[in-house]
There are 2 protein chains.
Amino acid sequence: MDKENHSSDMESGDCNRLQNDDNAAPRIKDVAFLADVSTATVSRVLNQPHSVTETLRNRVLKAVGELDYVPHGAARALASRRSRTIGAIVPTIDNAIFATSLQYLQARLSGFGYTLLLASSDYNLEREHKECQTLVEKGIDGMILVGEARGQQTYEVLVKKHIPYINIWIYNPDSPHPCIGFDNYGAAYQLAEYLMDIGHRKIAMVAGINEGNDRAVGRSTGIRDALASRNLKFHNGFYEERPYSIEDGRNTVSAWLSHSSPPTAIACGNDILALGVLFECISRKIRVPEDMSITGFDGIELSAHVTPALTTVSIPSAQIGTLAANYLVARLEDKTTASKTRLSSHLVIRDTTAPPRID
Amino acid sequence: MDKENHSSDMESGDCNRLQNDDNAAPRIKDVAFLADVSTATVSRVLNQPHSVTETLRNRVLKAVGELDYVPHGAARALASRRSRTIGAIVPTIDNAIFATSLQYLQARLSGFGYTLLLASSDYNLEREHKECQTLVEKGIDGMILVGEARGQQTYEVLVKKHIPYINIWIYNPDSPHPCIGFDNYGAAYQLAEYLMDIGHRKIAMVAGINEGNDRAVGRSTGIRDALASRNLKFHNGFYEERPYSIEDGRNTVSAWLSHSSPPTAIACGNDILALGVLFECISRKIRVPEDMSITGFDGIELSAHVTPALTTVSIPSAQIGTLAANYLVARLEDKTTASKTRLSSHLVIRDTTAPPRID
DNA sequence: TGCAAATATGTAAGCGCTTACAAACATTAT
DNA sequence: ATAATGTTTGTAAGCGCTTACATATTTGCA
């Protein structure tokens, strides 16, 4: 069963192509044989082209082309201890804002020669931990996580294996972990101040689910604290947490709208929820912004185009993806990088907010 | 430098834990040593638990737990020739409808113990080919591709390596390739017939970019052929292809709307474009559907909530993701599966379509 | 021209697992 | 008791690469 024809001193490998059993994929050995060099040289041509003479390099490259040789990733990863693969765990891919980030992340990684191994946690920290282990097992070189609130054990898995990681979508100067993002709390706080500055006192909030989601917590707390700073609370205790869907936004406000003392402004944890609230108001003939102010969070493309256009906080989602890729690749190539990057969010005032009517 | 303490016949491995240099990650050897069994047994416990006695199995599992052992994916893949990884190349992640599909795909794969390696082509066939090679090199066990129009060479890479693949988002009974999806052409054809049935003759279309995108081609051709079947053409030649964005939808119709003979209905290649068209009409005070009918394609959540609600074709995007995972895993485990699955799309008639005004 | 230093290539030892095969042991039939 | 059979475990040969080290070749300089 063993092949015998490996004496490398025969003239011209050209007519002596290795008789591979059938059409099995070619190995580095086959390339070496065809180009009449050692496997080490082939490997060098592929990994550090300039350490090989041009003549040889060309011969090898020609052989690679002729055989349609594709290196075996697992073997490569095993021998070199690097997989050129980056893992990412997002709460859900099915969210415009994460999708954008992922798109840019993936594109940038691809440009650096890295591949993206993707998992989702469905906003569940246990699942996140499990997926993290799976990705680590697959041999990722670096990891991208959303937010920073998670069990210490998850971080430990990464630290133990010396896998660099970064928390995105959040910026926390006091955190021991590297991060790229913005200040959810601060942005929400500012948003609430704006609402109060233009005269609102009766403010309600439809938040995203807070559990296991520190971004949502930051937004909720930011609004709440801003209100408290002026001795206000959520009007009538109108504060609800809902999943990311238009439908949920709509349903949630129904009760509030028929209350004897409805809020004059509703802050939402994200644009999708806000859109739901907006659509519900519209279909109930409640004038926005005259009778009701609405704010979103995220700044998805759509928010600029609905009528009235949604006041929201725009987030640099594409940039987060790109920078996360930059950070990890820099770390992996031992270049220095800032371990924390603060990106700015912007309050975008559009047409769903105005001073409340004076009764 | 070599460790010597490997004689496995010493009493009780319990107090003789392998002195790993520092905190290097434990290897299967370490587990075997701790549990006082061979590495083969450890491997069996991990891969075919029932081929090992309960006593031994428990001892091994205990050792695994104590050491926090995580198998090395690359080594595993190299030795077993399976990576438990599935590749997917989508045009862009940043599109609600693909994101949904990916979310379900990923969730299902994860349930089967597989991981998703993700790449995007940006609707560029060459890039797709390159990404395909990269993924194959990483050692994916199966591949998911969107649409079926691509160079033969791309398919060959997969076939040569015996990697099962499936084209999603499309259904073509005559194709030599397995697929899961629906009939873009037929659905579009039906949509145009509906428009004509309710009286429209002046029909225009804002299509997605057709190049390198057979789904878009199918939709465009479906509309065009339906018109032709009743001796119609795009009114005034009003047919434009535009990128996937609300802004593009808006801009595109501007010219048509100020034309002396505007269309009475505009069919769009996807919901996002349709939304753009709708928003533009609304901001120009053109009544929808009285003065203008608009149709979308995809059935994103939003289309049901805008006012007026968008008439569109709903697509089973989640199902496509789930079924694609099912198919590939079945193939990899040598179970039989249908190689082509036709899913149905549905014309959802809502409030943006009505008979044209009679002049 | 000769010798040291620099550069180019080859040799072969792993990387951490899986698995064919061999060996050991347990079970049943003879 | 012995042989035949089935089951459990161990041994060790790879899987396809990379890379430290050894070797061969070239270059620079006295």
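Worth knowing before you read on, the calculation uses all heavy atoms, side chains too, and leaves out hydrogens, waters and symmetry mates. Naming: A, B, ... by sequence-line order, numbering from 1 per chain.
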Practice item. Going by the side-chain contact (heavy atoms from CB on, under 4.5 Å) test, name the single residue among B:L61, B:V42, B:T41 that passes it with B:L56. Key: B:T41
Just the rounded figure in Å: distance from [atom2] of [N] to [atom1] of [X].
X	N	atom1	atom2	result
B:N47	C:dG16	CG	P	17 Å
A:Q48	C:dA8	CD	P	12 Å
A:K29	D:dT18	NZ	C1'	15 Å
A:L56	C:dA8	CG	P	11 Å
B:L67	C:dG16	CG	P	15 Å
A:H72	D:dG14	NE2	C1'	13 Å
B:R59	D:dT8	CZ	C1'	13 Å
B:I28	D:dT11	CD1	P	14 Å

**Study point:** Value rounded to 0.5 Å, distance of CD1 in A:I144 from CG in A:L117
**Key:**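 Those atoms lie 11.5 Å apart.
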Check your understanding: Mapping A:V70 and B:V52 onto DNA chain D by nearest heavy atom, which one lands closer to the 5' end?
Key -> B:V52
Check your understanding: Counting distance only, does the side-chain N/O of B:D94 pair as donor-acceptor with the main-chain N or O of A:Q103 below 3.5 Å?
Key -> no
Kindly say if [X] contacts the phosphate of [N], meaning a side-chain N or O under 4.0 Å from OP1 or OP2.
X	N	result
B:S80	C:dT18	no
B:T53	D:dT9	yes
B:R76	C:dT18	yes

Practice item. Check the side chains of B:E131 and A:S110 for a donor-acceptor pair under 3.5 angstrom, ignoring hydrogens and angles. Key: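 There is such a pair (donor and acceptor under 3.5 Å, judged by atom type) between the side chains of A:S110 and B:E131.
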Review point. Would B:Y104 and B:R108 count as having a side-chain donor-acceptor pair, cut-off 3.5 Å?
Key: no
Point to revise | Under 3.5 Å donor-acceptor pair, A:R44 side-chain atoms to C:dG10 base atoms | key: yes
Where the side chain of [X] is concerned, which of [options] is the nearest nucleotide?
X	options	answer
A:A40	C:dG14, C:dT19, D:dT19	D:dT19
A:T41	C:dG10, D:dC15, D:dT9	C:dG10
A:T39	C:dA12, D:dG10, D:dG16	C:dA12

Review point. If an axis is fit to five pairs at each end of the helix from C:dT1-D:dA30 to C:dT30-D:dA1, what is the angle between the two, to the nearest 10°?
Key: 40°
Revision key, fill the gap. In short, B:L105 meets B:A324 closest at the heavy-atom pair CD1-CB, 4.3 Å
Check your understanding: Would you call B:E126 and B:K130 a salt bridge, taking side-chain N to carboxylate O under 4.0 Å as the test?
Key -> no
